[in-house]
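Here the structure is laid out as structure tokens; the discussion comes afterwards.
Quick note on labels: first sequence line is chain A, next is B, and so on, each numbered from 1.
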There are 2 protein chains.
Amino acid sequence: MECGARLFAERGYHPTSVADIVATLGVGKGVFYWYFASKEELLTELLKASNHDLRKRQQHALGDEADPVRRIELGIRASLSWFAEHREYFAIIQFAATDETFAPVLARNREISIADTIRHLKDGIVDGRIADRDPTLLAHAIHGVVAELTSHALVDSSLSVDEVADLCVAFCLEGLCG
Amino acid sequence: MECGARLFAERGYHPTSVADIVATLGVGKGVFYWYFASKEELLTELLKASNHDLRKRQQHALGDEADPVRRIELGIRASLSWFAEHREYFAIIQFAATDETFAPVLARNREISIADTIRHLKDGIVDGRIADRDPTLLAHAIHGVVAELTSHALVDSSLSVDEVADLCVAFCLEGLCG
DNA sequence: GCCGCGCTTGACCGCTCGGTCAATGTTCAC
DNA sequence: GTGAACATTGACCGAGCGGTCAAGCGCGGC
């Protein structure tokens, strides 16, 4: 059912009407409002489900790895591979971040993810493996790299996810100067 | 005139009607369509103008600096300080990237900016100052860090732009492990 | 056979939107 | 003073939207 919402990704939320969605599915409009209270709820549901799935993937990827630096690396790789398999969601999430209706949900999701990263960073800093800089800003920096490289990897599919992930990790750990 | 378009930033493009804009300005609807062919053109014009202004700022900041690494640093700082002074535009640009109507314009703008960064990166690589990795991906990584830290700095105003810029540069050059 | 009900339909409603335009005010040059 | 060009108004339009709902369908229980 929610598969019919790849339309949001292709054409954007506002330009996609409920009529478009049900027409693509070949069903009447009523069936949509039988399962969702509103068009808004569909997007919210999409956001919740995708976030839940992504986090599950990350937690599974981290396993019981103890090294904080390695945990960060695994988190990055998990994010990239998840988005590679769910390309539609990238555009959806990016739009949702710009709409005041959905921004709060998304902000909460991201805060949780950032908080996780911050924890690993702090661990790494007390271990002396990570330079002692504001962990919050570092966490955002990492998320920025991941988001942008995800976006780029989705467009330029000539690169494999692993290649991108390798560079992403290298950049985050060693910077430009290596 | 275009100042009335901070509404786009506050409420988003689609939720802001032309009627809202002219009401805020206290003028009739006709005056809007005297200056702009359509609502769409207003956003396009906004994007063009902001991109032009940002690039001007960057070129001015770079001056005649020869060191490629330093040029990258100055570019980063220029971006951050420009967005700090034009907060409204961040949300607008972020939205425009998700809308298929405006994405092409924005993509071109960004490609130019990325191309600049790539040039500096290549210079740095032949100098041996920058690790020999795919310059395109590195450029996107840098832009990702800048975008995310910009976004975060706009929300959390407790940090000065310079503090954020310092960390941003440090992260890009040295990574987490410094 | 027939009822009840979960599910589905699509015509329809009210509303808001982007965009138009005849009418009118304002400002010059001459 | 007068008229042409400029600038502005806001009522109005058709389109398309999100959302509703009376009517119908199919199917299992009795």
*In terms of side-chain heavy atoms of Val18(A), which of dG6(C), dC6(D), dG18(D) is nearest?*
dG18(D)
*Of the listed nucleotides dG19(D), dC6(D), dG19(C), the one nearest the side chain of Tyr33(A)*: dG19(D)
Length of the line joining [X]:[atom1] and [N]:[atom2], which is rounded to integer Å:
X	N	atom1	atom2	result
Phe36(A)	dT20(D)	CZ	P	15 Å
Tyr35(B)	dT9(D)	OH	C1'	14 Å
Lys39(B)	dG18(C)	NZ	P	4 Å
Glu40(B)	dC17(C)	CD	P	18 Å
Lys29(A)	dA23(D)	NZ	C1'	17 Å
Tyr13(A)	dG16(D)	OH	P	19 Å
His14(A)	dT16(C)	NE2	P	16 Å
Leu25(A)	dT8(C)	CG	P	11 Å

*Mind checking who shares a hydrophobic cluster with Ile118(A), ILVMFWY linked at side-chain heavy-atom distances under 4.5 Å?*
Ile114(A)
*Run through the side-chain heavy atoms of Ile, Leu, Val, Met, Phe, Trp and Tyr, join any pair under 4.5 Å, and report what else lands in Leu62(A)'s cluster.*
Leu74(A)
*Between Asp116(B) (side chain) and Ser113(B) (backbone), is there a donor-acceptor pair under 3.5 Å?*
no
*Does Trp34(B) have a side-chain nitrogen or oxygen under 4.0 Å from the phosphate oxygens OP1 or OP2 of dT8(D)?*
no
*Relative to the 5' end of DNA chain D, which residue comes earlier, Ser38(A) or Gly26(B), by the nucleotide with the nearest heavy atom?*
Gly26(B)
*asked:* For a ring-ring contact (aromatic ring centres under 6.0 Å, His included) check, start with the C-alpha distance between His14(A) and Tyr13(B), then their side-chain angles and the critical distance, and finish with the verdict.
replied: CA-CA 10 Å; His14(A) 286 294; Tyr13(B) 176 73; 9.3 Å; no
